[in-house]
Amino acid sequence: MYEKIKCISFSEMEQVQEFVRAATGCDFEIDIKYNSCLIDAKSLLGVMNIGLKNKIKVCYGGANENFEKVVAKLAVA
């Protein structure tokens with residue numbers, strides 16, 4: 001279903017806002033998986049609900065240079 005799955009984490013709210021802005025600029029679906037929840041990455045409230053410092057999976061199937069840069073900045077091992 002998804003071509004790419006990356007693990008990221010947010011350390012401050014500004015990163016959440018930057019991530020959602022980048023996701024909103026994409027013309028493909030982007031989902032976040034956290035525990036048993038599946039959240040639309042284009043929903044600021046949904047992403048904020050996860051909180052900071054949690055390791056989450058970003059799942060998507062398209063390509064967008066700006067979005068890839070933001071995900072790379074937030075990537076965790």
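Below, each value reflects all heavy atoms present in this structure, side chains not excepted, and no hydrogens, waters or symmetry copies.
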Review point. Does NZ in Lys4 sit with more than 12 non-hydrogen atoms of other residues, nucleotides or ligands closer than 6.0 Å?
Key: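 More than 12 heavy atoms, drawn from other residues, nucleotides or ligands, come within 6.0 Å of this atom.
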Exercise for review: Take atom CD of Glu12 as the centre, draw a 6.0 Å sphere, and report whether it contains more than 12 heavy atoms from other residues, nucleotides or ligands.
Suggested key: yes
How many angstroms lie between [atom1] in [X] and [atom2] in [Y], if you round to the nearest 0.5 Å?
| X | Y | atom1 | atom2 | value |
| --- | --- | --- | --- | --- |
| Glu65 | Cys26 | CD | SG | 11.5 Å |
| Tyr60 | Glu3 | OH | CD | 10.0 Å |
| Asn49 | Cys37 | CG | SG | 8.0 Å |
| Lys33 | Tyr2 | NZ | OH | 5.5 Å |
| Asp40 | Leu45 | CG | CG | 11.5 Å |
| Ile56 | Cys7 | CD1 | SG | 9.0 Å |

Review point. Would you find a donor on one side and an acceptor on the other, under 3.5 Å apart, between the side chain of Gln15 and the backbone of Ser11?
Key: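 Side chain of Gln15 to backbone of Ser11, a donor-acceptor pair under 3.5 Å: yes, one is there.
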Taking all atoms of both residues into account, what is the closest heavy-atom pair of [X] and [Y], and its distance?
| X | Y | answer |
| --- | --- | --- |
| Ala23 | Ala41 | CB-O, 3.8 Å |
| Ala22 | Asn66 | CB-ND2, 3.8 Å |
| Lys42 | Val20 | O-CG1, 3.8 Å |
| Val76 | Ser9 | CG1-CB, 3.7 Å |

Review point. Looking just at side-chain N and O atoms, do Tyr34 and Asn54 make a donor-acceptor pair shorter than 3.5 Å?
Key: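 The answer is yes; a qualifying pair exists.
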Practice item. Answer yes or no: is there a side-chain heavy-atom contact under 4.5 Å between Ile32 and Val47? Key: yes
Check your understanding: How far apart are the C-alpha atoms of Ile5 and Val58, what are their side-chain angles, what is the distance that settles it, and do they pass the side chain to side chain contact (heavy atoms under 4.5 Å, CB included) test?
Key -> CA-CA 6 Å; Ile5 299 176; Val58 180; over 6 Å; no
Review point. Where does the angle between the aromatic ring planes of Phe67 and Phe19 fall among parallel (under 30°), tilted (30 to 60°) and perpendicular (over 60°)?
Key: tilted
**Study point:** Met48: which of Leu52, Leu44, Ile50 passes side chain to side chain contact (heavy atoms under 4.5 Å, CB included)
**Key:**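 Only one option passes, and that is Leu44.
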